[in-house]
Amino acid sequence: MSDSVILRSVKKFGEENYAFESDASHNNDKKPRLQDKKKHDGIQVGFFQLFRFSSSTDIWLMLVGSLCAVLHGLAQPGMLLVFGLMTDVFIEHDIEIQELSIPGKACVNNTIVWINSSLNQNVTNGTSCGLLDIESEMSLFSWIYAGIGVAVFIFAYIQICFWVISGARQVRKMRKTYLRRIMRMEIGWFDCNSVGELNTRFFDDMSKINEAIADQLGIFIQRLSSAICGFLFGFYRGWKLTLVIISVSPLIGIGAGVIALSVAKFTDFELKAYAKAGCVADEVISSMRTVAAFGGEKKEVKRYEKNLVFAQRWGIRKGMVMGFFTGYMWCLIFFSYALAFWYGSRLVLEEEEYTAGDLVQIFLNVLIGALNLGNASSCLEAFATGRAAAATIFDTIDRKPIIDCMSEDGYKLDRIKGEIEFHNVTFHYPSRPDVKIISNLSMVIKPGEMTALVGPSGAGKSTALQLIQRFYDPCEGMVTLDGHDIRSLNIQWLRDQIGIVEQEPVLFSTTIAENIRYGRKDATMEDVIHAAKKANAYNFIMNLPQQFDTPVGEGGGQMSGGQKQRIAIARALVRNPKILLLDMATSALDNESEAMVQEALNKIQHEHTIISVAHRLSTIRVADVIIGFEHGTAVERGTHEELMERKGVYFTLVTLQNHGALFEKDANEKDETKDDIHTNFSRGGYQDSLRASIRQRSRSQLSHLAHEPPLAVVDQKSTYEDGKDKVIPVEEEEVEPAPIRRILKFNAPEWPYMVVGGLSAAVNGTVSPLYAFLFSQIIGTFSLPDKEEQRSQIDGVCLLFVTMGCVSFLTQFLQGYTFAKSGELLTKRLRKFGFQAMLGQEIGWFDDLRNSPGTLATKLATDASQAQGAAGSQIGMIVNSFVNIAVAMIIAFLFSWKLSLVILCFFPFLALSGALQTKMLTGFASRDKEALERAGQITNEALSNIRTVTGIGMQKHFIDAFEAELEESFKTSIHKANVYGLCFAFSQGISFIANAVSYRYGGYLIPNEGLHYSHVFRVISAVVLSATAVGRAFSYTPSYAKAKISASRLFQLLDRRPPISVYCDEGDKWDSFQEKIDFVDCKFTYPSRPDMQVLNGLSVSVNPGRTLAFVGSSGCGKSTSIQLLERFYDPDEGKVMIDGHDSKRVNVQFLRSNIGIVSQEPVLFACSITDNIKYGDNTREIPMESVIAAAKQAQLHDFVVSLPEKYETDVGAHGSQLSRGEKQRIAIARAIVRDPKILLLDEATSALDTESEKTVQIALDKAREGRTCIVIAHRLSTIQNSDIIAVMSQGVVIEKGTHEELMDQKGAYYKLVTTGAPIS
């Protein structure tokens, strides 16, 4: 079974699940993945290796637990021995009573004799009599029963409790080891393993291992010991009959095996398809603004549904196979009953080898043995899953990192000058081995100097910095520090000498002071303040209400780009590093802060070796040495003046930048020299990342692009302390359970299936009470005096068994198939409608924390499949249970109402134990989930930002925080062990006690009320069997309740009417779209931050075919106005007029179809370049020619053609395989394909280096021709040709006019151009 049961559902989320798509996308990063895949296909860990983390205490716990499990397993066969003896006593007693009831027979000297004729006195068959006191016999038996019950209670408790505790201890240790090991891995490893996948491993896979090594194993041992003892007793009592019964069991075993395998296989396929659909959902929801802007909602729903269809097919197949084999097994079981009783009765009657009690004993023992074997095999699936899950985890734990971040080896130099040299270094990223990033690079970086690396995007500048930090080792050549190969130095020490400020700085969700202190653990508050002052962050921090204790939000989301950047610089400076690496460190700042940060950097310039990667000249000119990069090698080196003379790479970049700036000469003749530097190029890579890239914040961030968020969430302490309050209220909204009628209404189209299924389930429900009836009938025949009569009765019963088998086969199959079909269709329908409803919500809804992409994707996955619990196969199970109970009760009360009532007293206990256990366990599960969710936030934050964590050596901190959270979950587990143990023990022991009481009372009724003994069996077995049905029915209540809640959450979503609806056809549309736009006195606040006024009466208009440029400092509402025009939001007061129509009255789809947008952080989808460009217009099928034409217009074509797979190249998740300039150009091509009437450019060129910016700017100028255009930009070159420039400040326009008019006014715009001061 080993291979096929592996559930590979959690392979790369969204990467390896391509089984269902024929298109040849996703191939650029396949190679390393494929090797990985080959390695793992079918690998499982040896079973005992799962226990490699057990301590001696654990081993002791497991041994005692196993011993108790074995003893618990012996109880069932032991009970059957008693049962067999009891049957014989009953039969003897019945025969005696029958004999004595013949007139003229009496009991003399304990023998039955004829009284009247002396002749015949000795001719009686001499049946003994009067020796049997049925009541005292029965009380002995019931005491034995009760004793077994008490023993079972004790053993079951210890068995469960010890196993659960040892499992919890081992998994806790495993999680700790796993995180510690992951934190040691080199960065290249993370490139090939997605964070989502690692997080899944932490929680899902670990819990699978937990299932394999905890209570399941105890239960497995218990069932196995029952099975073995059952077979042994059977052979010991009568080998002939045992062999006959066993001969059928291989067939039953095959059935059970096929079910287990096929279910696992189908579930695996189904999960893969759902995972793929989940990926689509997650990707779409996290890029919601882009989807809305390009009207891709319907297309996405189709794409999502396409993946759901696959899952639905597998689900239905699973139902069919299960139904078929369940039917097959029931059929075989009834056939084997018939065979066993037919053959057994011959052995009893004709050959007189066995007594009737032996027959019952052997039969039941073998049956119990077989059932326990079957049940034990269900545990095998948990073991297989556990072993498969452990394979990847143990692989990781055993993997030796190529660069161990936490190793103690290597030299630590006493004094360090800081001279860095590259010797013929060649390098490619492990995740893309075929693309050389650096080839044959040699350069020297002198200590105490500031070296600037310049060059076009993708030339390998940032990569060189990563090699200095030893995130990667070069493939050839070496990097040395003061002449020592950095591979020989201690890695922690090396990174401690380096401060790094990245282009997209990562902050952790704690306070500002803590974030800065991450740079150096032992930093005092003075150090922190000093560093903040140096980084020019002190003033803005002191202006915040909580100053240094202000939380920065998840991923730093509460801070603006400039603020984050300065905190990151402070974090680097607090280490007092010998070497400072600045990767576009000032790109996200406006002029004023940039000047100050630059000044701070200049002050410290000669205390450190500084290596700076930048696009802006102002940053570069102050460098001592400039190194020009091209195609991964350093092609020139020198000062600004030297390189200008050489007319090489640097010269080209500078002239390109200078070009746009010549026009301003006359404006500020006075201090031309100084200002030139500042003005013309100040805005180089402005806001290269205003927000940490979308990869890090899985929210499509258009809405946050522009405003410097106030600290709206000031009271939010760090995630770790406050996780409890933050996560949970967000999750659990109280909802009224949905009425079952509404769920079934959704399932209405499948009503014929459900009717057939319900009827089949009802028939299946009558099976076990009928079985009880027939079984007691057979036992009853053994006391008949007439042999012939006995034979014919037994044959009749055996035939009935055969008939029941045939009927069962049919009805089980029908029940399985029909309900699987209706349930799967319901799930698919709910998922599709849910997804459709989500995409129809207005953008403001997605800003709500409760609707983060992760939450919504999970909601789709879980709620829809849980809603199946109120329909689908659950209905069948419930019908089955109720019919079962009804028929059993009818049979029982018909034959003896008194005995039935006595047994019914135990009903509440039997039912209660099941319900109690369920309730307790769900309680624990949710507590456990809370603790693990908090732990999950920690691992997620650490792993998503692993480069930063590694760069500043914060691994230990995260490991400690994680381990502290694990303790919580561990305490819950220990508590759970005790409660679960008690519930389990109670439910196991109670049935023995119930038997004891009912047989004792039956023993009283037989002599005193003349009840026939077969009726005692009949009543007791009917009621006991129906009790299990009640238990089963109860076990469905939690999933039924959950289903109603889940359904109601979905219905809540479906019923929500968004204020701005995409799906609604109402609203104005008109043919000659004139493109005139007017903002009339607009006031606006974001719904997620109602206390923060963004627009305060914005009024500005653009005439058709004209270009309007918005200028102003961050947070003044520029991007917001664009979002109002797209109708992502509606203004709170005032209106946006389009061609004289109020935008609130215009049809949303019509409006958006006329607008194209290129935003600063373009969102791409994980598909090919072609598909991304085609996304521009989702209303028609776009021919390849148009795609290529658009690409040419966007200056993208040449780059694409140079790729190995050209237009079919996959861009990776969120476009991660491309540089920012490339992404930006694809986004422009996408907007061009749309052929919009209105073009919105939000910082469209900010992420580009000068050269790409030039080309993109040309592309944009072409695209602007003949269209109304609104531009937001910080670079003058982008703005100056606009027809009208509106200067915004605090949400209103303070000046507007052409460039020349505004320069003449000598107002805010003039000030901005000449000094670069922010407009406030």
Side-chain angles (χ1 to χ4, degrees), residues 63-89 141 144-145 147-156 158-159 216-257 329 332-333 335-337 339-348 351-380 383 775 778-779 988-989 991-992 995 1021:
L63 285 175
V64 176
S66 307
L67 180 69
C68 290
V70 171
L71 292 171
H72 177 188
L74 289 179
Q76 258 184 321
M79 185 179 94
L80 289 177
L81 282 180
V82 182
F83 187 72
L85 296 173
M86 201 164 70
T87 313
D88 280 345
V89 169
F141 284 140
I144 296 177
Y145 263 137
I148 294 181
V150 173
V152 162
F153 186 86
I154 296 166
F155 292 145
I158 299 178
Q159 160 198 337
Q216 282 286 343
L217 196 52
I219 292 174
F220 177 72
I221 294 173
Q222 168 209 329
R223 287 174 176 166
L224 206 58
S225 94
S226 276
I228 293 171
C229 296
F231 287 131
L232 287 179
F233 278 152
F235 277 114
Y236 169 68
R237 278 297 190 172
W239 59 271
K240 282 187 186 171
L241 182 58
T242 307
L243 281 177
V244 168
I245 303 175
I246 286 184
S247 63
V248 186
S249 46
L251 294 174
I252 297 181
I254 289 172
M329 283 168 71
L332 280 177
I333 287 171
F335 284 3
S336 64
Y337 286 169
L339 179 67
F341 283 124
W342 177 79
Y343 180 65
S345 60
R346 296 192 57 157
L347 291 177
V348 174
E351 307 188 14
E352 299 191 355
E353 284 188 33
Y354 304 159
T355 64
D358 289 340
L359 167 65
V360 172
Q361 243 181 56
I362 295 165
F363 177 70
L364 290 179
N365 260 319
V366 175
L367 190 67
I368 291 260
L371 279 178
N372 274 302
L373 257 190
N375 290 339
S377 67
S378 70
C379 302
L380 291 175
F383 302 152
F775 180 63
I778 286 184
I779 295 179
Q988 296 289 312
S991 59
F992 287 89
N995 269 331
S1021 49

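Computed over heavy atoms, backbone and side chain alike; hydrogens, waters and symmetry mates excluded.
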Is any side-chain heavy atom of Tyr343 closer than 4.5 Å to one of Leu347?
yes
Is Phe383 close to Leu217 at the side-chain level, that is, under 4.5 Å between some pair of heavy atoms?
yes
Search all heavy atoms of Pro77 against all heavy atoms of Ser226 and return the closest pair with its distance.
CG-O, 3.7 Å
dist Met79:CE -> Asn365:CG (nearest 0.5 Å) comes out at 10.0 Å
Could you state the interatomic distance from CD1 (Ile362) to NZ (Lys240), rounded to the nearest 0.5 Å?
11.0 Å
Distance check, rounded to the nearest 0.5 Å: Leu241 atom CG versus Arg346 atom CZ?
13.0 Å
Nearest atoms (heavy-atom pairs only) where Ile245 meets Ala340:
CG1-CB, 3.8 Å
Do Phe155 and Gln988 come close enough that some side-chain heavy atom pair is under 4.5 Å?
no
Note, His72 side chain near Ile158 side chain (heavy atom, < 4.5 Å):
no
All heavy atoms of Ala69 vs all of Gly218, minimum pair found to be CB-O, 3.5 Å
Just say parallel, tilted or perpendicular for the rings of Phe363 and Phe341, cut-offs at 30° and 60°.
tilted
Give me the atom names and distance for the closest heavy-atom approach of Ile221 to Ser66.
CD1-OG, 3.6 Å
Is any side-chain heavy atom of Ile219 closer than 4.5 Å to a side-chain heavy atom of Gln159?
yes
Student check: side-chain heavy atoms of Leu243 and Phe235 closer than 4.5 Å:
yes
Any donor-acceptor N/O pair, Asp88 side chain to Gly357 backbone, under 3.5 Å
yes
Does any non-hydrogen side-chain atom of Val360 lie less than 4.5 Å from one of Phe775?
yes
Walk me through it: do Leu339 and Phe335 pass the test side chain to side chain contact (heavy atoms under 4.5 Å, CB included)?
CA-CA 6 Å; Leu339 179 67; Phe335 284 3; over 6 Å; no
Considering only heavy atoms from C-beta outward, does the side chain of Val366 approach that of Phe231 to under 4.5 Å?
yes
Measure the spacing between CZ of Phe141 and CG of Leu85 and express it to the nearest 0.5 Å.
5.0 Å
Distance flag, aromatic centroids of Phe992 and Phe153, threshold under 6.0 Å:
no
Do the side chain of Gln222 and the main chain of Gly73 share a donor and acceptor less than 3.5 angstrom apart?
no
Which atoms form the tightest heavy-atom contact between Leu74 and Cys229, and what is the distance?
CD2-SG, 2.7 Å
Atom of Ala75, atom of Ile148 and distance for their closest heavy-atom approach
CB-CG2, 3.9 Å
For a side chain to side chain contact (heavy atoms under 4.5 Å, CB included) check, start with the C-alpha distance between Asn995 and Phe83, then their side-chain angles and the critical distance, and finish with the verdict.
CA-CA 10 Å; Asn995 269 331; Phe83 187 72; over 6 Å; no
